[in-house]
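Single-structure report; data block below.
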Amino acid sequence: MAEANELMIAALPTDGNAWRIDWFGEIAFPNRMIRRKQPSVLLHLSRVIDERYREDHSVLLNPESTFVAKQRKVWVSVGTLPLLRIGDIWRDGLLETTPDYQFESFSDLDIGSETVSLIKAGLNLEENGFLLPRGEHPWHMQATQSYCLMIALPGERRLIIPCLELIRFYFGSSSNLLTKLFLPPLNRDVLYRKAHHSKINGQLSIALAEGISGASAADIGRMHMDSTAWRSAVNVGTSLLKASVSNQEIHPQAHFPFEGQTTLTASGKWLSFSGEPHVTFLAYSLRSCSHPFPFRSLRYDVEDRRAAPANTTSLTEASTPRLVKPARQSSDRQLVEEDASGKLVRQVRSVWAAQRFTDLTKKTIWKKKILAAQPSGATLVAGPTSDTNVAVGDVGSDRRVRSVDLQIKTKDKSKFPVPDFLKEVVDDLKALREWKLELLTESSEDGWTIPISILADEEGEIDFSLFIAVGENQLRERRVSAFSAINNRVNITIVVTESAPPYTKLYLMEPECESNLPDTLQRATSDFISRDRDAKSEAINIAIRRLTDEDDI
């Protein structure tokens with residue numbers, strides 16, 4: 001998967017100077033001749049003139065470090081927001097550095113209607129002074145009508161977060177999700193088709209809608225489970241509509257997607273108020289949030305729906321099916337402000353970042369992954385060299401511009417090695433022919449497995465065999481992996497539980513049915529507990545012989 005930082009943002013200055021993102025401005029369609037499918041945000045930039053920032057980021061806290069008197073304004077599509085943060089330094093369209101400025105952690109914040117209020121960046125609080133004083137923070141002065149959230153802190157202090165930064169942080173997991181929010185009305189069916197939450201084990205299963213990536217699964221899961229999160233998402237678009245009707249500059253409003261306690265970490269700057277120093281902390285970029293997600297684990301389904309170009313000959317029409325290799329990527333492509341073509345295959349670009357939500361480090365998020373498909377007899381041919389630029393948002397032109405989805409990623413799952421207890425299983429499964437093979441448990445922890453279901457007996461006791469020793473006086477939950485094997489006759493789920501040797505069970509499923517996978521995993525756990533303790537589990541090659549029952553290998 002390509003990385004987003006390989007792309008140059010064409011709208012940013014390319015004069016060789018360092019430019020600071022000062023503020024997010026209004027939302028509009030600045031040029032409907034070439035950009036009709038996605039609105040843009042106006043970025044306020046100032047040229048960095050204090051070169052000491054290279055060794056000492058703290059000099060950027062000084063308003064005189066940039067030439068703010070002559071700010072430059074550029075329009076960038078809202079789908080580019082996963083790449084953009086206030087305070088970042090860009091040079092020739094590429095990110096140069098992300099300064100920490102002043103880094104703060106705000107513990108046990110109470111997020112609710114009594115502690116959080118919507119304000120404008122240019123607010124003079126009860127005529128006692130501006131919350132963002134011009135002398136200390138001139139960078140926002142061209143967008144004083146933009147909205148921020150103000151959170152009350154102990155000691156009559158306050159935390160201020162620009163609304164677009166709040167949207168970027170809580171909903172900027174992918175370009176395609178952001179696009180849906182900024183093109184109202186927002187309907188659930190454009191994000192996901194169906195969802196089921198188990199009250200027994202807290203697992204949420206969700207089927208993402210076409211074009212929505214797994215990078216946004218947790219955000220969408222929260223929207224499904226928490227009405228506050230859903231209202232927060234819908235409010236982005238409705239606030240744009242209200243402003244457009246009143247013929248005002250369109251600045252989005254935003255609210256937290258939850259209520260309750262959280263700990264926020266942020267990079268920003270402390271500002272004074274009424275002569276008192278360090279009263280207001282202005283957050284340039286949020287870095288982490290601890291509020292829990294309303295599910296214990298999440299399983300999502302997403303298919304590779306990147307269709308072939310419209311002018312490609314269909315397999316039913318062609319005498320010899322042809323599979324085209326992905327186009328070789330050019331190293332100098334740009335992210336441009338145009339509508340992409342519907343005739344080019346959509347691409348995915350990863351934006352690597354630290355985990356934003358600490359609660360998700362303790363929860364399992366998993367999906368299915370194709371290991372091998374039934375042979376099609378197709379001939380592999382080389383595709384053309386790709387020299388096209390890319391653009392975020394929905395397709396809507398005939399230009400030589402490829403659609404791209406920017407996705408926040410915390411780890412490169414493609415680099416996860418197969419766990420030791422699974423290696424022989426995976427090797428043997430990949431040796432099968434005429435079978436469509438899928439890994440049903442691709443997780444964020446190791447890419448292959450999830451924790452085994454923890455089941456208690458009638459007396460509430462948990463079987464000790466569900467855990468495995470990992471050190472002196474230390475235990476952890478055993479891991480389990482599930483594979484789907486389908487041919488034209490049967491659909492079988494293979495569940496492999498971590499043990500020595502691996503404990504393997506096969507379960508006959510309804511054709512093309514995966515909805516009962518959570519139940520199957522619980523059944524596999526029960527089978528693991530109730531197995532004959534003196535008997536060794538079947539070897540995987542025996543399981544495969546049962547699976548094929550014929551000379552399919």
Side-chain angles (χ1 to χ4, degrees), residues 192-196 198 201 203-208 213-214 217 297-305 364-376 413-414 416 418-419 421-453 478-498 502-528 537-550 552-553:
Y192 64 98
R193 303 300 186 189
K194 57 183 178 179
H196 172 72
S198 171
N201 59 15
Q203 179 181 294
L204 174 63
S205 299
I206 192 166
L208 299 180
S213 76
S297 63
L298 172 66
R299 178 182 184 268
Y300 65 92
D301 288 340
V302 58
E303 298 178 9
D304 187 0
R305 302 180 180 92
T364 301
I365 298 177
W366 46 293
K367 67 168 185 174
K368 67 179 182 181
K369 173 183 178 182
I370 295 177
L371 294 179
Q374 290 173 296
S376 62
K413 296 179 183 179
S414 64
F416 282 131
V418 181
F421 81 94
L422 270 184
K423 286 181 179 178
E424 291 188 11
V425 175
V426 172
D427 289 343
D428 288 340
L429 287 175
K430 286 184 175 180
L432 292 176
R433 298 292 183 266
E434 306 301 330
W435 289 82
K436 176 184 178 182
L437 299 170
E438 288 182 305
L439 170 66
L440 303 178
T441 52
E442 183 186 7
S443 68
S444 56
E445 292 102 320
D446 65 3
W448 293 87
T449 69
I450 62 174
I452 197 169
S453 302
R478 292 183 186 272
R479 309 289 293 184
V480 64
S481 187
F483 302 86
S484 170
I486 302 174
N487 66 6
N488 56 5
R489 304 190 309 275
V490 293
N491 178 1
I492 295 176
T493 294
I494 307 169
V495 180
V496 185
T497 302
E498 182 181 17
Y503 180 69
T504 304
K505 291 283 288 188
L506 280 68
Y507 301 92
L508 184 64
M509 312 289 283
E510 294 296 325
E512 301 293 342
C513 177
E514 296 175 6
S515 60
N516 58 346
L517 178 62
D519 293 336
T520 302
L521 291 174
Q522 288 201 20
R523 180 182 169 188
T525 300
S526 298
D527 291 342
F528 178 77
S537 61
E538 298 173 299
I540 187 60
N541 58 343
I542 297 177
I544 293 176
R545 291 193 189 100
R546 287 187 180 181
L547 177 66
T548 58
D549 199 29
E550 295 181 6
D552 288 330
I553 299 180

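No hydrogens, no waters, no symmetry mates; every other heavy atom, side chains included, goes into these values. Residue numbers count from 1 along this sequence.
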Can you name the residues that form a side-chain contact (heavy atoms from CB on, under 4.5 Å) with [X], not counting sequence neighbours?
X      : value
Ser205 : Gln203, Arg299, Pro518
Asp427 : none
Ala482 : Leu440, Thr441, Thr493, Val495, Leu517, Leu521

Exercise for the section: Starting from the C-alpha separation in whole Å, work towards a yes-or-no answer on side chain to side chain contact (heavy atoms under 4.5 Å, CB included) for Leu422 and Arg479. Expected result: CA-CA 10 Å; Leu422 270 184; Arg479 309 289 293 184; over 6 Å; no
Return the set of residues passing side chain to side chain donor-acceptor pair (under 3.5 Å) with [X] (not counting sequence neighbours), or none when no residue passes.
X      : answer
Ser213 : Gln407
Tyr192 : Arg188, His224
Thr364 : Glu445

Practice task
Please tell me if the side chains of Phe483 and Val496 come closer than 4.5 Å, counting only heavy atoms from C-beta onward.
Solution key: yes
Handout entry: 4.5 Å side-chain heavy-atom contact, Ser297 and Ile450
Key =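 No, their side chains stay 4.5 Å or more apart.
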Exercise for the section: Tell me, with the steps shown, if Leu506 and Thr504 meet side chain to side chain contact (heavy atoms under 4.5 Å, CB included). Expected result: CA-CA 7 Å; Leu506 280 68; Thr504 304; 4.2 Å; yes
When you measure from the side chain of [X] to the backbone of [Y], do you find a donor-acceptor pair of N or O atoms at a distance under 3.5 Å?
X      : Y      : result
Asn487 : Val490 : yes
Thr497 : Val480 : no
Ser481 : Trp448 : yes

Practice task
Might you work through the side chain to side chain contact (heavy atoms under 4.5 Å, CB included) test for Leu429 and Ile494, ending with a clear yes or no?
Solution key: CA-CA 10 Å; Leu429 287 175; Ile494 307 169; 3.6 Å; yes
Exercise for the section: Could you walk me through whether Trp366 and Leu439 pass side chain to side chain contact (heavy atoms under 4.5 Å, CB included), step by step? Expected result: CA-CA 10 Å; Trp366 46 293; Leu439 170 66; over 6 Å; no
Problem - Point-to-point distance, once rounded to the nearest 0.5 Å, from NZ of Lys505 to OG1 of Thr525 - result: 12.5 Å
Handout entry: Leu298 CG to Leu204 CG distance, which is reported to the nearest 0.5 Å
Key = 5.0 Å
Do you know which two heavy atoms are closest between [X] and [Y], and how far apart they sit?
X      : Y      : value
Lys367 : Val302 : CD-CG1, 4.2 Å
Lys423 : Val418 : CE-O, 3.4 Å
Leu208 : Tyr300 : CD1-CD1, 4.0 Å

